[in-house]
**Student:** 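Below you will find the structure I want to go over with you.
Residue indices begin at 1 and follow the sequence shown.
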Amino acid sequence: MQNIEFVKHISLDLVQKVKHNKRSLEKIALQYGIDDSNLVKELTELALVYTARNICSSAETEKEKYDKIVDLYELQPTLNQRTSQTFMLGQFSTPCPLAYLGGLYCELYNSGLYYEPCAGNGMLTIAGKPEWFIVNELDRVRFNNLTEQKFKRVFNLDATKDVLPKDLYGKIDAVITNPPFGTIQTELWDGKWKINKLEFQIALLALETLKDTGKAFIIVGGHTPYDDKGYLSIGANSFFLNYLYSTFNVQDVINLDKDMYIKQGTSFPVRIILINGRKAKPEGIAPQKKSDNDIPVKDFETLYTRIMKSRISKAEQDALELEKLLLDGISDNDIKIVDTEIEKIKIA
């Protein structure tokens, strides 16, 4: 009950744009009999989840909601309370603007069945209704916070092993996750891909549950390393990304500047991987480096623009490509043919 009252207090302060820091949060927490600094951090994050979810469920436009989510992030205190468990489990949660963009990309605002294998306090679920989500969290405090949010199912299991029952495999509409980063003993994935990163292993297990048409928004550590010819450097990243590109339709891999996580209590470079469905036949590898896409994104407005481009469907992309031909001085007869093809694509 004391925890709930503290969360309500901080949620109201966030709505009223009251700024807090570590000291002021802990002073308020003491009024509710809470003297554990790590618990204060977790409950503050829970208040942020509730506040962000309320913004996402409003009747405003997506951009208006996003701008408010960014404002909320700028208002929030830096969540830099750290324990040995914080480091051991890699418990640095997702900034709320990234969570909302992930929800837009995965279309979590539509009714469906969604999966978050390392849900923390639920930040990555803010764009949809809790009853559409299956969530998992190993940490007991965070697990308890998830049980208060009316999710469809809540598991308290190790995400490096199977979490979902086998009858749910192939039924998940989207996977959205920011798993903990770390190193594990090398394992062979699908018989040939060497995986030795904790976040890669968790992501791959989660992707196994997707429908063939499912989408995914995955955050992993580091920026992608390339050799002097622009190919992926041999190592953990090459095995992971080559597997993803050969198995799924990877729409983009976005490098983020290390300071975009600063309010979550860490400064570390990360990547966002956007996946739109599984390939009918495994083929291909990760493409060569593209200099224009490889530059780390440093602000939320640029990130919004980049991810919105990836939301365009394949049919819409084909239509846009055909429309570009109209600018190249083609004949009137060819214009009619192109217009006809565009209409066919739009209908499809």
**Student:** Between D259 (side chain only) and I262 (backbone N and O only), is there a donor and an acceptor less than 3.5 Å apart?
**Tutor:** no
**Student:** Counting neighbours of CG on L188 that are heavy atoms of other residues, nucleotides or ligands and sit closer than 6.0 Å, is the number greater than 12?
**Tutor:** yes
**Student:** Whether the side chain of E199 engages the backbone of G182 through a donor-acceptor N/O pair (distance < 3.5 Å, no angle test) should be reported.
**Tutor:** yes
**Student:** Are K65 and E62 within salt-bridge range, i.e. N to O under 4.0 Å?
**Tutor:**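 Between E62 and K65 there is no salt bridge, as every charged N stays at least 4.0 Å from the carboxylate O atoms.
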**Student:** Could you report the tightest heavy-atom contact between K171 and L113, atom names first, then the distance?
**Tutor:** O-CD2, 3.7 Å
**Student:** Assess the side chains of S310 and Q251: does a donor N or O sit below 3.5 Å from an acceptor N or O?
**Tutor:** no
**Student:** Is it possible for you to check whether K215 lies under 6.0 Å from the centre of the six-membered ring of Y105, through NZ or CZ, and within 45° of that ring's axis?
**Tutor:**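 Output yes; distance and angle both within limits.
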**Student:** Could you check whether R278 and N249, counting side-chain N and O atoms only, form a donor-acceptor pair closer than 3.5 Å?
**Tutor:** no
**Student:** Hydrogens and angles aside, do D299 and Y304 bring a side-chain donor and acceptor to less than 3.5 Å of each other?
**Tutor:**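 There is no such pair between these side chains.
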**Student:** Without hydrogens or angle criteria, can the side chains of E42 and N121 be said to hold a donor-acceptor pair below 3.5 Å?
**Tutor:**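 Indeed, the side chains of E42 and N121 share at least one donor-acceptor pair under 3.5 Å.
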**Student:** Between K41 and E45, does at least one N-O distance fall below 4.0 Å, as a salt bridge requires?
**Tutor:**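 Result for this pair is no, no salt bridge flagged.
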**Student:** For the side chain of Q2 and the backbone of Y32, is there at least one donor-acceptor N/O pair under 3.5 Å apart?
**Tutor:** yes
**Student:** Between L25 and F6, what is the shortest heavy-atom contact and its length?
**Tutor:** O-CE1, 3.8 Å
**Student:** Can we say K263 and E74 salt-bridge, meaning some charged N sits less than 4.0 Å from an Asp/Glu carboxylate O?
**Tutor:** no
**Student:** Which pairs count as ring-ring contact (aromatic ring centres under 6.0 Å, His included) when at least one residue sits in residues 114-169, sequence neighbours excluded?
**Tutor:** Y114-F133
**Student:** Check this for me: K281, atom NZ, are more than 12 non-hydrogen atoms of other residues, nucleotides or ligands nearer than 6.0 Å?
**Tutor:**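 Not buried by this count: 12 neighbours or fewer within 6.0 Å.
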**Student:** By the salt bridge (Lys or Arg N to Asp or Glu O under 4.0 Å) test, which pairs, at least two apart or in different chains, include something from residues 143-160?
**Tutor:** D158-K161
**Student:** Does one side chain, of T51 or N54, offer a donor that lies under 3.5 Å from an acceptor on the other?
**Tutor:**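 Their side chains do not contain a donor-acceptor pair, so the 3.5 Å distance test is not met.
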**Student:** Do T147 and R142 meet the criterion of a side-chain donor-acceptor pair at a distance under 3.5 Å?
**Tutor:** no
**Student:** Using the side chain to side chain donor-acceptor pair (under 3.5 Å) rule, collect all pairs that involve residues 221-236, keeping only residues at least two apart or in two chains.
**Tutor:** T224-R271
**Student:** With I218, which of N178, L207, I176 fulfils side-chain contact (heavy atoms from CB on, under 4.5 Å)?
**Tutor:**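 That would be L207; it is the only one of N178, L207, I176 passing the side-chain contact (heavy atoms from CB on, under 4.5 Å) with I218.
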**Student:** Specify the closest pair of heavy atoms between E301 and Y66, including all atoms of both residues, with the distance to one decimal.
**Tutor:** N-OH, 4.5 Å
**Student:** Please walk me through it: do Y73 and F300 pass ring pair (Phe, Tyr, Trp, His ring centres under 6.0 Å)?
**Tutor:** CA-CA 10 Å; Y73 180 74; F300 291 116; 5.3 Å; yes
**Student:** Is it true that N136 and N156 share a donor-acceptor pair across their side chains at a distance under 3.5 Å?
**Tutor:** no
